[in-house]
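To keep things clear, I will list the structure first and then write my remarks on it.
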Amino acid sequence: MLSLLDVINGRLEKALERAFPEATEVARKAGRPLDPQLVAASKPEFGDFQINGALQFAKLLKLSPRQIAAEIVDQLNKDVDFLKLVETVEIAGPGFINISLSSTCLINELQSRLNDSRLGVPFVNKNESGHLPGIVVDFSSPNIAKEMHVGHLRSTIIGDSLSRIFEFRGYRVIRINHVGDWGTQFGMLITHLKDVAPTALEEGDSYDLGDLVAFYREAKKRFDSDQNFKLKSREEVVLLQRGNVQSLKAWKLLCSKSRDDFQIIYDRLDINLIERGESFYNQFLNDVVMELDNLGLLVVDQGAKCVFLQTSTGKDGKALPVIIQKTDGGYNYATTDLAAIRYRFQEVPNGDGAFRIIYVTDSGQASHFSGVFEVARRAKWVPEGGRLEHVPFGLVQGEDGKKLKTRSGETVRLRDLLDEAIERSKNDLCRRLDSEGREENETFILNVSTTVGIAAVKYADLSQNRITNYQFSFDKMLSLQGNTAPYLLYALVRISGISRKAVNLDISLKTFEFSQKQEWSLLRKLLKFDEVILDVEEELLPNRLCTYLFELSQLFNRFYDQVPILKADGIPRCSRLALCKLTADTLRLGLGLLGIPTLERM
RNA sequence: GGGGCUGUAGCUCAGCUGGAUAGAGCGACGGUUUCCUAAACCGUAGGUCGUGGGUUCGAGUCCCGCCAGCCCCGCCA
């Protein structure tokens with residue numbers, strides 16, 4: 001109901017002006033126009049919208065809040081355009097004004113939603129240069145030659161969902177997988193590769209490295225125990241950095257094998273990413289140092305080139321440094337991140353042309369990013385109106401409240417985690433089929449358990465406010481009750497059941513009427529979808545969308561339980577089918593934006 | 001020592017620019033099935049919003065102090 005909110009707010013501002021012409025004029029001239037504070041009603045019994053402003057204006061206008069409210073209501077009651085939309089306008093409590101929309105108005109909104117595949121969510125405007133604004137979402141980012149584990153889960157799932165929402169809004173979204181594909185660990189990996197598989201370099205991509213993780217472990221073991229190996233590894237790093245052909249070949253092979261492994265996980269999770277790892281920015285690191293130096297930001301301290309922060313101090317009250325270039329001349333991650341920021345904001349041939357960059361990483365990196373962001377701003381690499389945001393999230397914990405580990409105390413591999421979710425979901429399904437005496441074929445069982453299993457993992461993560469740590473529990477996420485993926489998917493399955501039995505759900509040209517309170521509350525919830533999407537886009541909190549979809553499902557289930565649909569006739573039946581259709585569309589789209597596909601039957 | 005995040009029902013968590021009597025789910029207890037998938041629905045119980053101040057007409061929300069937990073703090077990412 002965003003557009004409606006706009007319209008009503010417009011009428012309200014006019015009413016306020018007519019009620020208190022002098023005060024509004026003074027406020028406007030002071031550059032702080034009076035805000036009537038029109039918001040969605042905090043409770044259903046307060047109607048659709050509430051106006052909070054009267055309470056605040058009391059001091060300014062030297063009138064009681066209720067008197068002010070009365071004046072505003074008086075003016076609103078003279079506004080024909082406003083009255084067309086509204087059923088009641090009432091003063092309540094200390095001076096709130098509650099507004100209930102008229103049935104006609106709500107039904108008109110329903111009509112337009114039914115004919116709108118975007119469900120009321122506006123498409124973003126082009127920018128001054130006539131292009132769609134670009135957003136870089138930096139997420140997932142595993143390390144080459146290591147396995148994706150539970151630590152990558154949140155970044156991957158949250159980053160993907162935010163990307164989907166931006167894409168749906170029409171932004172040009174650049175999903176970046178900033179993989180760890182550079183650094184000292186490659187010295188040992190390449191040295192080990194040359195030793196154990198000398199032919200690998202000739203065979204290139206066709207060479208089968210086998211289990212990369214085991215490979216990494218072996219290399220690491222040798223690195224830690226064998227002095228000679230350690231020495232060779234260090235030399236190898238230098239060779240690689242100088243662009244030695246053999247070394248580069250080995251590096252590429254390792255990256256490519258690793259990429260294939262990652263892709264298996266991304267395919268299972270249905271996640272798209274452009275791989276552009278740390279190595280990509282090597283070509284810009286020199287420029288970064290030079291520019292910072294030219295700007296006079298660079299200070300040499302204990303041999304390292306640093307930028308000292310203005311916003312944070314360390315112990316003894318001294319400014320904290322961001323190290324740009326190490327004493328040995330090497331660069332570290334802050335430099336790479338700065339080069340990335342610079343590149344991503346630069347216009348298209350030379351960069352990504354983004355206006356907003358989002359980093360989805362754990363909250364442990366908060367101070368790192370705040371330092372890097374400060375340097376980027378002082379270096380003027382962030383354009384006017386450009387947004388640079390860290391989207392932090394908490395740890396994944398086990399049900400014991402400690403960091404999630406396997407029984408043997410190892411890091412949980414993502415593939416195992418997904419396998420287990422699907423396995424458990426399959427067991428649940430089979431138990432259910434058994435107890436209901438249902439017969440389903442293998443394809444159905446596989447499809448349902450895979451969809452439900454993956455959906456459960458994604459939804460459990462997304463439905464939690466990302467800032468806090470998150471307690472991982474298969475039992476809870478797969479539970480059929482509560483705020484879980486299966487509960488939402490089930491609501492949709494119920495609607496599919498109805499549409500299978502109804503002749504059709506084509507209700508586009510009919511008129512609607514509602515008589516039950518369950519119908520009205522469902523409809524009102526449905527019409528809030530657009531606000532939720534814009535809120536998530538701004539606040540980067542997908543759990544708000546989850547909460548909305550859960551509440552929508554609850555209202556639908558109540559409606560389904562208490563109001564006959566197919567048994568009704570005429571206009572009520574058709575109106576109820578319209579609610580079903582819009583609920584299904586909203587759930588399908590909403591879940592889609594969370595990266596969760598839906599089912600017809602389950 | 002400095003900085004950040006967190007602290008809301010027995011448990012897991014929501015709580016949107018400060019707004020009306022703080023909400024869900026699970027668990028507990030009790031009910032509902034001639035009907036579209038009961039994987040549902042309805043009801044009951046359960047709270048000093050860590051704590052002490054402050055700002056305000058109004059504070060879970062903003063500011064300050066304190067307590068507890070987690071994380072970060074110069075050449076790893």
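Order of the sequence lines fixes the chain letters, A, B, ..., with proteins taken first and strands second; residue numbering starts at 1 for each chain. Quick caveat, the model's predicted, so the values are computed rather than measured.
Comparing the same atom, P, in B:G4 and in B:C66 gives a spacing of 13 Å after rounding to whole Å. With P as the reference atom, B:C64 and B:U21 are 28 Å apart, rounded to whole Å. One C1' atom belongs to B:G23, the other to B:A9, and the distance between them is 11 Å to the nearest Å. Nucleotides B:G47 and B:U8, compared at atom C1', are 8 Å apart to the nearest Å. Rounded to whole Å, the P atom of B:C26 lies 14 Å from the corresponding atom of B:A39.
What separates CG of A:N52 from P of B:U56 is a distance of 20 Å, to the nearest Å. Remark: C1' of B:A39 and CG of A:L492 are 14 Å apart, rounded to the nearest angstrom. Summarising the geometry, the separation between CG on A:N465 and P on B:A14 is reported as 5 Å, rounded to the nearest angstrom. Remark: C1' of B:A14 and CD1 of A:I467 are 14 Å apart, rounded to the nearest angstrom. Between the P atom of B:C11 and the CD atom of A:Q397 lies a distance of 15 Å, rounded to the nearest Å. Between the CZ atom of A:R544 and the C1' atom of B:C13 there is a distance of 14 Å, given to the nearest Å.
Among the nucleotides B:U12, B:G74, B:A20, the one closest to any side-chain atom of A:K476 is B:U12. Side-chain proximity of A:K43 to the nucleotides B:C75, B:A77, B:G23 is greatest for B:G23. Proximity note for A:L566 (side chain, C-beta onward) versus B:U21, B:C36, B:C75: the nearest is B:C36. Picking from B:C57, B:G74, B:A14 the nucleotide with the shortest atom distance to the side chain of A:P321 gives B:G74.
Residue-level contact check: A:K59 touches the backbone only, with heavy atoms under 4.0 Å from sugar-phosphate atoms and none from bases. Looking at heavy-atom distances under 4.0 Å, A:F550 makes contact with sugar-phosphate atoms alone, never a base. Note on A:A304: a base of the nucleic acid sits closer than 4.0 angstrom, heavy atoms only. Counting non-hydrogen atoms under 4.0 angstrom, A:A92 reaches a base of the nucleic acid. Looking at heavy-atom distances under 4.0 Å, A:N98 makes contact with a base. Heavy atoms of A:S363 sit nowhere under 4.0 angstrom from any nucleic acid atom. Using a 4.0 Å heavy-atom distance criterion, A:N543 is classed as a sugar-phosphate-only contact. Base engagement by A:Q50 is indicated by at least one non-hydrogen atom pair under 4.0 Å involving a base atom. Nucleic acid contact class of A:D428 (heavy atoms, under 4.0 Å, all strands): none. Among the heavy atoms of the strands lying under 4.0 Å from A:I565 is at least one base atom, whether or not backbone atoms are also near. When heavy atoms are screened at a 4.0 angstrom cut-off, A:G364 is found touching the sugar-phosphate backbone but no base atom. As judged by a 4.0 angstrom heavy-atom cut-off over every strand, A:E278 is placed among residues touching the sugar-phosphate backbone only.
Of all nucleotides present, only B:C13 satisfies the Watson-Crick or G-U wobble test against B:G23, with each distance under 3.5 Å. Of the nucleotides present, B:C29 is the one that pairs with B:G43 by Watson-Crick or G-U wobble criteria, both distances under 3.5 Å.
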Enumerate the protein-to-nucleotides 40-46 of chain B contacts in which both atoms are nitrogen or oxygen and the separation is below 3.5 Å.
unit_1: B:A40; atom_1: OP1; unit_2: A:L480; atom_2: O; d: 2.5
unit_1: B:A40; atom_1: OP2; unit_2: A:Q481; atom_2: NE2; d: 3.2
unit_1: B:A40; atom_1: O2'; unit_2: A:R494; atom_2: NH1; d: 2.9
unit_1: B:A40; atom_1: O2'; unit_2: A:R494; atom_2: NH2; d: 3.4
unit_1: B:C41; atom_1: OP1; unit_2: A:Y487; atom_2: OH; d: 2.7
unit_1: B:C41; atom_1: O2'; unit_2: A:D561; atom_2: OD2; d: 2.7
unit_1: B:C41; atom_1: O2'; unit_2: A:Q562; atom_2: NE2; d: 3.2
unit_1: B:C42; atom_1: OP1; unit_2: A:R558; atom_2: NE; d: 2.2
unit_1: B:C42; atom_1: OP1; unit_2: A:R558; atom_2: NH2; d: 3.1

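Dashed line: the shortest gap from a side-chain N or O of A:Q471 to OP1 or OP2 of B:U12 is under 4.0 Å. Distances shorter than 4.0 Å separate none of the side-chain N or O atoms of A:N143 from OP1 or OP2 on B:A77. Here A:T468 reaches the OP1 or OP2 of B:A14: one of its side-chain N or O atoms lies under 4.0 Å away. OP1 or OP2 of B:C76 sits under 4.0 Å from a side-chain N or O of A:K326.
Ionic pairing of A:D428 and A:R431 is present here: one or more N-O contacts between side-chain nitrogen and carboxylate oxygen are shorter than 4.0 angstrom.
Between A:L433 and A:L429, some side-chain heavy-atom pair lies under the 4.5 Å cut-off.
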